[in-house]
Protein chains: 2
Amino acid sequence: MNKKKQLTESQFLKEYNAKDFDAPLVTVDMAIFTVREDKLQVLLVKRAQHPAINRWALPGGFIDLAKDKQLGDTARRKLKEKTGVDTPYLEQVETFGGYKRDPRGWSVTVAYFALIASEHIEVNRNESSEEVVWVPMDGLSKKYDLAFDHSDILTACYERLQAKVQYTSLPVNLLPDAFTLTDLQKIFEIILGKSVEKKSFRRRVLDANIIEETGEMKTGSNRPAKLYRVNALGSNHYFSRNIEGPR
Amino acid sequence: MNKKKQLTESQFLKEYNAKDFDAPLVTVDMAIFTVREDKLQVLLVKRAQHPAINRWALPGGFIDLAKDKQLGDTARRKLKEKTGVDTPYLEQVETFGGYKRDPRGWSVTVAYFALIASEHIEVNRNESSEEVVWVPMDGLSKKYDLAFDHSDILTACYERLQAKVQYTSLPVNLLPDAFTLTDLQKIFEIILGKSVEKKSFRRRVLDANIIEETGEMKTGSNRPAKLYRVNALGSNHYFSRNIEGPR
DNA sequence: CTATGATAGTGGCTCTATGACACTATGTCA
DNA sequence: TGACATAGTGTCATAGAGCCACTATCATAG
């Protein structure tokens, strides 16, 4: 490898072999969020393999160099495996890398979070016979001691979500295809952890033109509510101002 | 590797060898921004090695598994090599991965951007005898055809910066230790690409309590201006509202 | 020693969007 | 038919932004 300058690029590539170099492990891990039972919940998987066998962890794994064309494909593949959901809201959060986060050595993991509607989850999807749980985010750390640095990763994902609820329409992705404004408000309140004023909220959402009426109504034992769907802009809209909540 | 269940973790680790697995290449690339001559500029390096030899690219390279303890260390090391700057504002932007972004095969690169004050750059720092240029962001794509997908990476970094100028105090990191409010406003205007109203800008910045007076003044051929420095909160403050500019 | 030019910094008006909250509307069900 | 529950609105006070003219304070020139 010492006469580089004289090689053409194709000659160089012929001689090149990735295994001549030390490289870190690369994985993709993800926090899959949904709202069920009026709580923000995240999916955990019990590891069936070494290292950290039998410990709870975020779903994830190695890039499949044959199947995955891009990084996001790995995340989408894992998500599909665990939940059956195909077209989630998926966002890359942060990449963690270091020599001591995995006992196997220098490793890198790309963290994603996904938002899915609980209605879209396929239950009993145990193809890998792995043990899987949905855990509410509040008080999670007391009950589950996650493997590796997954606790840090989850925190990063959660903080990103919390931050973006302030100024984006992102939570619409946690709802089914049709929903009422009250449904939407409730989702925001759950993630924000505080109540939101009704009129302001409706103005904010409607003025942004991110949802449209379906024409249908949701009926119940009281006044029916208009149903809305997200439009093209809606799933990732940035407001120009943070949601403030009560003074 | 088929009797995993019976191994203890330490036995597993003893047998484990990273080279038994196909792994993608991992690199770190960065967009180093500064403001000089009243323009936002980025550092480019002419590649001295295959692949894409002699083409312009963002500075970056492999993780040094021995030297670097964390991902950010790789970025900081590269930054120091090129500019001599030690404590920049450094932010991870996005990780790009795919099978065709590098001719050597499946590769992953973690992109960072750095903001540095041009006053802090050590000139003539040619330790690697590499060719290096500072290029203004406007019209860059016409003059430079970057290697690999570095054009996409740079775009991602630039968009992140542009977005964050709207609602964070991030541009303070492009200024020297002491600066006037007018200096600061100018930096915002350069990155935003539009003018900002003086009074509103000053209110916004001063009310946020992110800078403090040094006590010194900057003198010139006109009324002297108070000098400020960034305080602990200042280098990464989030405003609750976007900067709007003139209507 | 004063006038001028240039930039620093402020006073105060208007306007918009938000929080607040009471009020009206419209369904079900007993 | 009236109670209830939730949907949805009218309207006001207020905070903060843009606007822009005004004042302040220096160096420098004549």
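Below, chain A is the first sequence line, B the second, and so on; all start at residue 1. The figures that follow rest on heavy atoms only: side chains count, while hydrogens, waters and symmetry mates do not.
For the OP1/OP2 pair of dG8(D) and a distance below 4.0 Å, the side-chain nitrogens and oxygens of R202(A) include at least one atom meeting the criterion. Regarding contacts with the backbone of dA17(D), every side-chain N or O of S200(B) stays at 4.0 angstrom or more from both OP1 and OP2. Between T219(B) and dC26(D) there is no side-chain polar atom (N or O) within less than 4.0 angstrom of OP1 or OP2. For the OP1/OP2 pair of dT28(C) and a distance below 4.0 Å, the side-chain nitrogens and oxygens of S221(A) include no atom meeting the criterion.
Using a 4.0 Å heavy-atom distance criterion, R203(A) is classed as a base contact. Among the protein residues, K226(B) comes within range of the sugar-phosphate backbone only, with heavy atoms under 4.0 Å from sugar or phosphate atoms but none that close to a base.
The interatomic distance linking L192(A) (CG) with dG19(C) (C1') rounds to 15 Å, in whole Å. At whole-Å resolution of the value, CZ in F201(A) and C1' in dA7(D) are 14 Å apart. Taking atom CG of residue L206(A) and atom P of nucleotide dG10(D), one finds them 13 Å apart after rounding to whole Å. Across the protein-nucleic acid pair, Q185(A) atom CD and dT9(D) atom P stand 13 Å apart, rounded to whole Å. Whole-Å rounding puts the F188(A) CZ to dG19(C) C1' distance at 17 Å. Going from atom CG of D183(A) over to atom P of dT6(D) covers 13 Å, rounded to whole Å. Per the geometry, NZ belonging to K218(B) stands 15 Å off C1' belonging to dA27(D), to the nearest Å. In this structure, CZ of F239(A) is placed 14 Å from P of dA17(C), rounded to the nearest angstrom.
Taking 3.5 Å as the limit, the base of dG8(D) and the side chain of K199(A) contain no donor-acceptor pair of atoms between them. The base of dA24(D) sits within donor-acceptor range of the side chain of R223(B), with an N or O pair under 3.5 Å. Counting atom types as modelled, K198(B) pairs a side-chain N or O with a base atom of dG9(C) as donor and acceptor under 3.5 Å. A donor N or O paired with an acceptor N or O is not found under 3.5 Å between the base of dG16(D) and the side-chain atoms of R241(A).
Of the candidate nucleotides dA20(C), dT26(C), dC20(D), dC20(D) has the atom lying nearest to any side-chain atom of E197(B). Listed nucleotides: dA24(D), dA7(D), dA5(D). Nearest to the side chain of N222(A): dA5(D).
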| task | Report the C-alpha distance between R101(A) and D149(A) in whole Å, list the side-chain angles of each, state the deciding distance to 0.1 Å, and finish with yes or no for salt bridge (charged side-chain N to carboxylate O under 4.0 Å, His left out). | result | CA-CA 6 Å; R101(A) 46 176 304 279; D149(A) 57 352; 2.7 Å; yes

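Using modelled atom types, one finds no donor on one side chain facing an acceptor on the other under 3.5 Å when comparing N242(B) with S240(A).
Under 4.0 Å is where a charged nitrogen must lie from a carboxylate oxygen, and between R229(B) and E212(B) at least one such pair does.
The side-chain hydrogen bond (donor to acceptor under 3.5 Å, both in side chains) analysis of residues 28-39 of chain B, with sequence neighbours excluded, yields the pairs D29(B)-T109(B), D29(B)-H150(B).
Here the OG1 atom belonging to T155(A) is positioned 11.0 Å from the CD atom belonging to E94(A), to the nearest 0.5 angstrom.
Both N242(B) and M217(B) lie close to DNA chain D; mapped to their nearest nucleotides by heavy-atom distance, the more 5′-ward contact belongs to N242(B).
At least one side-chain heavy atom of L175(A) sits less than 4.5 Å from a side-chain heavy atom of L184(A).
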